[in-house]
*Asks:* 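My questions will all concern the structure given below.
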Amino acid sequence: MDPGPSKTHTNSRRVRFDLDHRRGNRHQRFSHGRNYSSPPYKRVYRQRACSEGERKGSGGCINSRPLRSTESQDHQESPTNRDDDSNFKTLLLNMIIKNLQPLSIVTGFQDLASSLHPSLNINESSIQTELQSIYSQKRLEVQNAINAESNLVLSAELWSSDKTVFYLTVSCHLINENWMQKSYVLDTAHLLIERTPEHVVKHLMRISNEWNITTKIQVVVTNIDDLKKVDKSICQWTFIPCFGRTLDKVFRETLGETVWKHLLGKCQQIVSFFHQNPKASESLQKHRSHLKLQKNNLIQSTDLRWLPTLHMLQNILELWPAIFKVFIDFLEEKLCLNKNERKILEDILAVLKILKMVTEEMGSQGYSPISMIIPLVQRLQMELRKLEMENEIAKTLSARCDHHFGNIKQNHWFRVSTALDPRYKTCVMDSNIDVKAEIQSLIKGNRHTTHSYDTRSEEMILEKYWTFKRNSEDPLDFWRSRVEFKQLATVTRKYLTVVSTAIPIERVHQLEKSQAMNWRNCLDPRNLSMILFLKNN
């Protein structure tokens with residue numbers, strides 16, 4: 001653990017942003033035209049007290065009179081200068097953390113710092129020291145939060161923006177005693193060249209050991225394939241695939257047919273034509289306005305992810321009358337879509353709208369529990385089967401869903417978590433496994449950590465929960481307020497902690513690859529983990 005800055009450095013940073021009006025104006029001049037948010041950490045600020053000798057010798061505090069240039073050289077740096085130093089460092093750190101900027105940007109701000117005050121000491125080394133200090137403080141807070149809980153879940157996201165350098169970001173999820181779901185980014189590991197499942201698991205074990213939580217983890221949710229195949233002697237954890245990634249995999253496998261994949265490639269060429277030809281793009285807007293079509297922008301889908309593909313096809317079809325006129329004007333007959341091709345695109349679009357409708361039920365922010373997955377898959381299959389008779393894409397995608405989700409009720413974690421979510425418990429009533437008996441067995445297994453109840457009492461409480469009318473109440477709100485089901489609380493908290501995706505829901509719903517991902521890839525690996533940790537926590 002970093003011992004933190006020395007007392008001298010600590011005092012030099014203790015200053016209020018609005019310490020006086022003069023420095024406040026200076027801050028306004030610096031930040032004009034930029035949007036700076038509040039720093040992601042708190043500080044305690046105070047002025048240095050004046051000694052009696054200072055008051056008698058100057059008629060007041062040293063802060064009340066300006067120092068001459070000779071004094072600034074012969075005496076200790078004034079609190080005002082130290083205040084400006086701290087203010088500027090705070091602004092830079094806030095910008096670096098919030099916008100995922102490399103520490104090298106400090107070099108570009110050194111001239112600006114000198115113009116604000118010649119004595120400001122702003123350099124990459126001092127910012128690095130400050131970043132490490134803040135990271136150490138925040139890490140201690142997160143460690144205390146996860147130490148207080150006994151059931152933790154990890155999520156592991158493998159990511160890269162250029163397909164050559166890969167990273168593994170590991171987050172920890174919990175439900176605290178107040179039934180609040182909390183998520184913390186723990187670490188980001190640089191995988192270099194080797195990224196086999198065994199190598200990934202070794203990193204997961206290393207990170208969990210460093211945070212002292214290995215024995216508290218039973219489940220890891222991940223967007224990495226084949227972790228289930230890792231030798232159990234290496235790791236006993238259960239690996240659950242990320243629901244968002246699985247949907248993308250289902251879509252890619254569905255569109256793997258040569259004709260459909262070729263047609264999507266043609267749509268990508270159409271979008272590229274307008275993105276690379278300003279005159280054609282200008283002509284498209286004129287035709288769009290003349291035909292009174294919606295003002296949509298053409299969106300490129302560079303890979304077969306379902307959501308960007310949905311918006312690419314939807315905008316092409318809505319703007320097709322105007323696009324067709326541009327192709328005629330520019331003699332681009334090879335990019336024209338015939339009637340049969342447009343019908344296929346409409347079929348693909350109809351299927352993708354079902355995927356969108358289903359995933360939007362997961363919410364818009366944060367993480368959702370896996371208790372939602374069984375009912376979402378059931379809803380997805382029901383909607384797809386309505387289209388199967390006239391839509392070949394729907395039929396194929398439904399078959400791929402059966403392949404990936406067909407035995408989901410046989411999975412212990414999905415089955416029990418769904419049963420303990422009052423919104424969806426009826427979805428597992430037709431399971432060939434007695435879920436009620438399974439939950440009762442789990443209650444008995446937790447007696448050493450809960451109060452002792454006789455078997456008859458447990459059966460009555462479980463039956464009362466099972467017959468409780470379904471409602472749309474958030475499951476965490478339900479369990480927080482229903483004290484009559486207290487015996488179920490420990491088991492429920494454990495199973496509802498398991499999240500459905502390896503990334504927050506808002507990133508499942510984003511159209512394009514995250515700009516933040518590109519920013520992340522520009523960070524020095526030595527600082528990347530610290531900056532991502534502070535930004536997300």
*Asks:* Is any side-chain heavy atom of T188 closer than 4.5 Å to one of L168?
*Replies:*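 Not touching, per the 4.5 Å side-chain cut-off.
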*Asks:* When you check the gap from the basic side-chain N to the acidic O, do D474 and R423 get nearer than 4.0 Å?
*Replies:* no
*Asks:* Taking the side chain as C-beta and beyond, is there a heavy-atom pair between M180 and L476 under 4.5 Å?
*Replies:* no
*Asks:* Are R252 and W306 in a cation-pi setup, meaning NZ or CZ lies under 6.0 angstrom from the ring centre and within 45 degrees of the ring axis?
*Replies:*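 That pair does not qualify as a cation-pi contact.
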*Asks:* Using the rule given for side chain to side chain contact (heavy atoms under 4.5 Å, CB included), can you reason through V170 versus L204, listing the C-alpha separation, both sets of side-chain angles and the distance that settles it, and then say yes or no?
*Replies:* CA-CA 8 Å; V170 180; L204 289 171; 3.6 Å; yes
*Asks:* Counting only N and O atoms by type, is there a donor-acceptor contact under 3.5 Å from the side chain of N407 to the main-chain atoms of Q410?
*Replies:*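 Side chain of N407 to backbone of Q410: no pair is present.
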*Asks:* Do the ring planes of Y167 and H190 sit parallel (below 30°), tilted (30 to 60°) or perpendicular (above 60°)?
*Replies:*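 Rings of Y167 and H190: parallel, as their planes differ by under 30°.
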*Asks:* Could you grab the distance from atom CG of L152 to atom NZ of K494, nearest 0.5 Å is fine?
*Replies:*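 Spacing of CG (L152) from NZ (K494) equals 12.0 Å.
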*Asks:* Are the side chains of V153 and L174 in touch, meaning some heavy atoms are under 4.5 Å apart?
*Replies:*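 Heavy-atom side-chain distance check fails, nothing below 4.5 Å.
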*Asks:* Does the side chain of E253 come under 3.5 Å of the side chain of H403 through a donor N or O and an acceptor N or O?
*Replies:* no
*Asks:* Mind running side chain to side chain contact (heavy atoms under 4.5 Å, CB included) on L442 and Y495 for me, showing each step along the way?
*Replies:* CA-CA 11 Å; L442 292 170; Y495 283 83; 3.6 Å; yes
*Asks:* Testing the 3.5 Å rule here: is there a donor-acceptor pair between the side chains of S155 and H173?
*Replies:* yes
*Asks:* How long is the span from the OG atom in S150 to the CD1 atom in I213, to the nearest 0.5 Å?
*Replies:*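 Rounded to the nearest 0.5 Å, the OG-CD1 separation comes to 12.5 Å.
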*Asks:* Check the pair L304, L264 against side chain to side chain contact (heavy atoms under 4.5 Å, CB included), reporting the backbone distance first and the verdict last.
*Replies:* CA-CA 9 Å; L304 288 180; L264 288 182; 3.5 Å; yes
*Asks:* Test salt bridge (charged side-chain N to carboxylate O under 4.0 Å, His left out) on K229 and E198; report intermediate values, then the result.
*Replies:* CA-CA 9 Å; K229 299 178 181 179; E198 290 77 15; over 6 Å; no
*Asks:* Can you name the nearest heavy-atom pair linking R206 to A189, along with the distance?
*Replies:*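 Smallest interatomic distance, heavy atoms only, reads NH2-CB, 3.6 Å.
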*Asks:* Is the shortest heavy-atom distance from the side chain of L186 to the side chain of L154 under 4.5 Å?
*Replies:*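 Yes, their side chains come closer than 4.5 Å.
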*Asks:* Rounded to the nearest 0.5 Å, what's the gap from CG on L496 to OG on S368? Could you check?
*Replies:*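 The CG atom of L496 sits 11.0 Å away from the OG atom of S368.
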*Asks:* Provide the full list of salt bridge (Lys or Arg N to Asp or Glu O under 4.0 Å) pairs with a residue in residues 306-315, sequence neighbours left out, each pair given once.
*Replies:* none
*Asks:* For K216, is the NZ atom crowded, meaning more than 12 foreign heavy atoms sit under 6.0 Å from it?
*Replies:*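 Result for NZ/K216: enclosed.
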*Asks:* Any salt bridge linking R507 with E157? Criterion: basic side-chain nitrogen under 4.0 Å from a carboxylate oxygen.
*Replies:*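 A salt bridge links R507 with E157.
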*Asks:* What are the two closest heavy atoms between S301 and M312, and how far apart are they?
*Replies:* N-SD, 3.7 Å
*Asks:* Are the side chain of D477 and the backbone of E473 linked by a donor-acceptor contact shorter than 3.5 Å?
*Replies:* no
*Asks:* Could you state the interatomic distance from CE (M362) to OG1 (T501), rounded to the nearest 0.5 Å?
*Replies:*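 Result: 5.5 Å between the selected atoms.
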*Asks:* Determine, step by step, whether Y184 and F533 satisfy the side chain to side chain contact (heavy atoms under 4.5 Å, CB included) criterion, reporting the C-alpha distance in whole Å, the side-chain angles of both residues, the deciding distance to 0.1 Å, and the verdict.
*Replies:* CA-CA 8 Å; Y184 303 98; F533 176 90; over 6 Å; no
*Asks:* Side chains of T302 and Q268: is there a donor and an acceptor less than 3.5 Å apart?
*Replies:* no
*Asks:* Determine all donor-acceptor pairs shorter than 3.5 Å in which one atom belongs to a side chain in residues 236-246; sequence neighbours excluded.
*Replies:*
unit_1: Q236; atom_1: NE2; unit_2: K232; atom_2: O; d: 2.6
unit_1: W237; atom_1: NE1; unit_2: I217; atom_2: O; d: 3.2
unit_1: R245; atom_1: NE; unit_2: N223; atom_2: O; d: 2.7
unit_1: R245; atom_1: NH2; unit_2: D225; atom_2: OD2; d: 3.1
unit_1: T246; atom_1: OG1; unit_2: C242; atom_2: O; d: 2.8

*Asks:* Return the minimal non-hydrogen interatomic distance between T490 and N151, and the atom names on each side.
*Replies:*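 Closest approach of T490 to N151: O-ND2, 4.4 Å.
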*Asks:* Is the charged tip of R493 near the ring of W479: under 6.0 Å from the six-membered ring centre and within 45° of its axis?
*Replies:*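 So R493 doesn't make the cation-pi contact.
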*Asks:* Between the side chain of N537 and the main-chain N/O of V185, is any donor-acceptor distance below 3.5 Å?
*Replies:* yes
*Asks:* Show the nearest heavy-atom pair for residues T169 and L532, with the distance to one decimal.
*Replies:*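 Looking at all heavy atoms of both residues, the shortest contact is OG1-CD1, 4.2 Å.
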*Asks:* Could you state the interatomic distance from CZ (R415) to CG (L420), rounded to the nearest 0.5 Å?
*Replies:*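 The CZ atom of R415 sits 11.5 Å away from the CG atom of L420.
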*Asks:* Can you confirm whether the side chains of Q314 and N296 place a donor and an acceptor under 3.5 Å from each other?
*Replies:*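 On atom types as modelled, these side chains do not qualify, holding no pair under 3.5 Å.
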*Asks:* Are the side chains of V498 and V221 in touch, meaning some heavy atoms are under 4.5 Å apart?
*Replies:* yes
*Asks:* How about F166 and W159: are their ring centres within less than 6.0 Å of each other?
*Replies:* no
*Asks:* Strictly distance-based, threshold 3.5 Å: is any side-chain N or O of R400 a donor or acceptor partner for the main-chain N or O of T254?
*Replies:* no
*Asks:* Kindly compute the distance separating SG (C172) from NZ (K182), expressed to the nearest 0.5 Å.
*Replies:* 13.0 Å
*Asks:* Between T129 and S125 (side chain of the first, backbone of the second, donor and acceptor by atom type, cut-off under 3.5 Å), is there such a pair?
*Replies:* yes
*Asks:* Over all heavy atoms of both residues, which pair between I531 and I97 is shortest? Give the atoms and the distance, please.
*Replies:*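 Taking I531 first and I97 second, the nearest heavy atoms are CG2-CA, 4.1 Å.
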*Asks:* Check the side chains of E210 and S208 for a donor-acceptor pair under 3.5 angstrom, ignoring hydrogens and angles.
*Replies:* no
*Asks:* Do C401 and L397 come within less than 4.5 Å of each other through their side chains, counting heavy atoms only?
*Replies:* yes
*Asks:* Which atoms form the tightest heavy-atom contact between Q132 and M530, and what is the distance?
*Replies:* OE1-SD, 3.3 Å
*Asks:* Pair Q181, S183 - check side chain to side chain donor-acceptor pair (under 3.5 Å), show working.
*Replies:* CA-CA 7 Å; Q181 198 268 349; S183 298; 3.2 Å; yes
*Asks:* Measure the shortest side-chain to side-chain distance between E506 and S364 over non-hydrogen atoms and say whether it is less than 4.5 angstrom.
*Replies:*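 No - every pair of side-chain heavy atoms lies 4.5 Å or more apart.
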*Asks:* When you measure from the side chain of H509 to the backbone of K356, do you find a donor-acceptor pair of N or O atoms at a distance under 3.5 Å?
*Replies:* no
*Asks:* Side-chain contact test, heavy atoms from C-beta onward, threshold under 4.5 Å: evaluate it for F485 versus F478 and give yes or no.
*Replies:*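 Yes, side chains in contact.
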